[in-house]
Amino acid sequence: EMCIRDRKQTRIECFNSLHTGQIRTVCFSRNIRYFVTGQDDSSICVVDIESGKLIKRLENVHTEGQSMGVWSVAFSVDGKYLAAGCRDMTVKIINTEELL
(Lines give C-alpha, C1' and ligand atoms only; values in the text may rest on other atoms or scores of the structure.)
Protein backbone atom coordinates (compact mmCIF):
# COMPACT_ATOMS: atom_id res chain seq x y z
CA GLU A 1 0.00 0.00 0.00
CA MET A 2 1.30 3.43 -0.94
CA CYS A 3 -0.01 6.41 1.05
CA ILE A 4 0.38 10.10 0.39
CA ARG A 5 0.61 12.31 3.46
CA ASP A 6 0.77 16.04 3.97
CA ARG A 7 3.41 17.81 6.04
CA LYS A 8 1.50 17.13 9.26
CA GLN A 9 1.56 13.40 8.44
CA THR A 10 -2.19 13.42 7.90
CA ARG A 11 -3.28 10.54 5.69
CA ILE A 12 -4.57 11.94 2.41
CA GLU A 13 -4.91 9.05 -0.01
CA CYS A 14 -3.85 5.42 -0.13
CA PHE A 15 -3.62 3.13 -3.12
CA ASN A 16 -4.09 -0.57 -2.48
CA SER A 17 -3.96 -1.81 -6.05
CA LEU A 18 -1.79 0.85 -7.65
CA HIS A 19 1.30 -1.36 -7.74
CA THR A 20 1.81 -5.05 -8.15
CA GLY A 21 5.55 -4.79 -7.57
CA GLN A 22 7.86 -2.78 -5.35
CA ILE A 23 8.23 0.93 -5.97
CA ARG A 24 11.81 1.45 -7.11
CA THR A 25 11.85 5.18 -7.82
CA VAL A 26 9.90 8.41 -7.34
CA CYS A 27 10.38 11.84 -8.89
CA PHE A 28 8.54 15.15 -8.80
CA SER A 29 7.58 17.23 -11.82
CA ARG A 30 9.37 20.55 -12.09
CA ASN A 31 6.21 22.47 -11.21
CA ILE A 32 5.71 20.18 -8.16
CA ARG A 33 2.21 19.34 -9.36
CA TYR A 34 2.76 15.63 -9.95
CA PHE A 35 4.98 12.81 -8.88
CA VAL A 36 5.80 9.70 -10.85
CA THR A 37 6.67 6.25 -9.53
CA GLY A 38 8.44 3.41 -11.29
CA GLN A 39 7.84 -0.17 -10.22
CA ASP A 40 9.19 -3.69 -10.50
CA ASP A 41 6.12 -4.61 -12.56
CA SER A 42 7.35 -2.34 -15.42
CA SER A 43 4.68 0.27 -14.81
CA ILE A 44 4.77 4.01 -14.21
CA CYS A 45 2.13 5.83 -12.19
CA VAL A 46 1.49 9.58 -12.31
CA VAL A 47 -0.17 11.05 -9.21
CA ASP A 48 -1.56 14.56 -8.68
CA ILE A 49 0.09 15.80 -5.48
CA GLU A 50 -2.67 18.16 -4.37
CA SER A 51 -5.58 15.76 -4.77
CA GLY A 52 -3.63 12.55 -4.19
CA LYS A 53 -5.42 10.98 -7.15
CA LEU A 54 -3.92 8.68 -9.75
CA ILE A 55 -3.76 10.55 -13.08
CA LYS A 56 -2.41 7.78 -15.28
CA ARG A 57 -0.82 4.36 -15.11
CA LEU A 58 1.35 3.14 -17.98
CA GLU A 59 1.79 -0.63 -18.09
CA ASN A 60 4.72 -2.46 -19.67
CA VAL A 61 6.93 0.58 -20.05
CA HIS A 62 9.85 -1.67 -20.89
CA THR A 63 10.50 -2.22 -24.57
CA GLU A 64 8.84 -5.23 -26.13
CA GLY A 65 6.52 -5.63 -23.14
CA GLN A 66 8.91 -7.63 -21.00
CA SER A 67 8.51 -7.16 -17.27
CA MET A 68 11.99 -5.93 -16.43
CA GLY A 69 11.08 -3.21 -13.93
CA VAL A 70 11.45 0.55 -13.97
CA TRP A 71 14.35 1.50 -11.72
CA SER A 72 14.59 5.24 -12.37
CA VAL A 73 12.40 8.07 -13.64
CA ALA A 74 13.29 11.70 -14.32
CA PHE A 75 11.60 14.66 -15.97
CA SER A 76 13.45 16.75 -18.56
CA VAL A 77 14.27 20.32 -17.50
CA ASP A 78 11.44 21.71 -19.65
CA GLY A 79 9.00 19.08 -18.34
CA LYS A 80 8.10 17.85 -21.81
CA TYR A 81 9.59 14.38 -21.41
CA LEU A 82 9.97 11.67 -18.82
CA ALA A 83 12.86 9.24 -18.99
CA ALA A 84 12.31 5.77 -17.55
CA GLY A 85 15.38 3.65 -16.90
CA CYS A 86 14.72 -0.08 -16.94
CA ARG A 87 16.54 -2.94 -15.26
CA ASP A 88 18.03 -4.17 -18.52
CA MET A 89 19.88 -0.84 -18.94
CA THR A 90 17.49 0.59 -21.54
CA VAL A 91 15.84 4.00 -21.30
CA LYS A 92 12.40 4.83 -22.62
CA ILE A 93 11.57 8.47 -23.36
CA ILE A 94 7.90 9.35 -22.87
CA ASN A 95 6.23 12.54 -24.03
CA THR A 96 4.49 13.97 -20.95
CA GLU A 97 1.48 14.89 -23.07
CA GLU A 98 0.73 11.15 -22.95
CA LEU A 99 0.81 11.26 -19.15
CA LEU A 100 -0.75 14.54 -18.06
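These numbers come from a predicted model, not from an experiment. By convention here, the first residue in the shown sequence is residue 1.
For Thr25, there are no side chain to side chain donor-acceptor pair (under 3.5 Å) partners at least two apart in sequence or on another chain. Arg30 pairs by the side-chain contact (heavy atoms from CB on, under 4.5 Å) definition with Val77, not counting sequence neighbours. A search for salt bridge (charged side-chain N to carboxylate O under 4.0 Å, His left out) contacts involving Arg24 returns Asp40, not counting sequence neighbours. For Glu97, the side-chain contact (heavy atoms from CB on, under 4.5 Å) criterion is met by Asn95, not counting sequence neighbours.
In the hydrophobic clustering of ILVMFWY residues, with side-chain heavy atoms under 4.5 Å counting as a link, Phe75 and Val73 come out together.
From Ser43, atom OG reaches atom CZ of Arg57 across 3.5 Å, with rounding to the nearest 0.5 Å.
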Expected list for residues 78-85: side-chain donor-acceptor pairs under 3.5 angstrom, two or more places apart:
| from | atom 1 | to | atom 2 | distance (Å) |
| --- | --- | --- | --- | --- |
| Asp78 | OD1 | Ser76 | OG | 2.6 |
| Asp78 | OD1 | Lys80 | N | 3.0 |

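Residues Thr96 and Glu98 fail the side-chain proximity criterion, which asks for heavy atoms closer than 4.5 Å. Between Leu54 and Asp48, the closest side-chain pair of non-hydrogen atoms is not below 4.5 Å.
For Ser29 (side chain) and Tyr34 (main-chain N/O), a donor-acceptor pair under 3.5 Å exists by modelled atom type. Remark: side-chain polar atoms of Thr37 are not paired, donor with acceptor, to backbone N or O of Val26 under 3.5 angstrom. Side-chain N or O atoms of Lys56 include none that pairs as donor or acceptor with a backbone N or O of Cys45 at under 3.5 Å.
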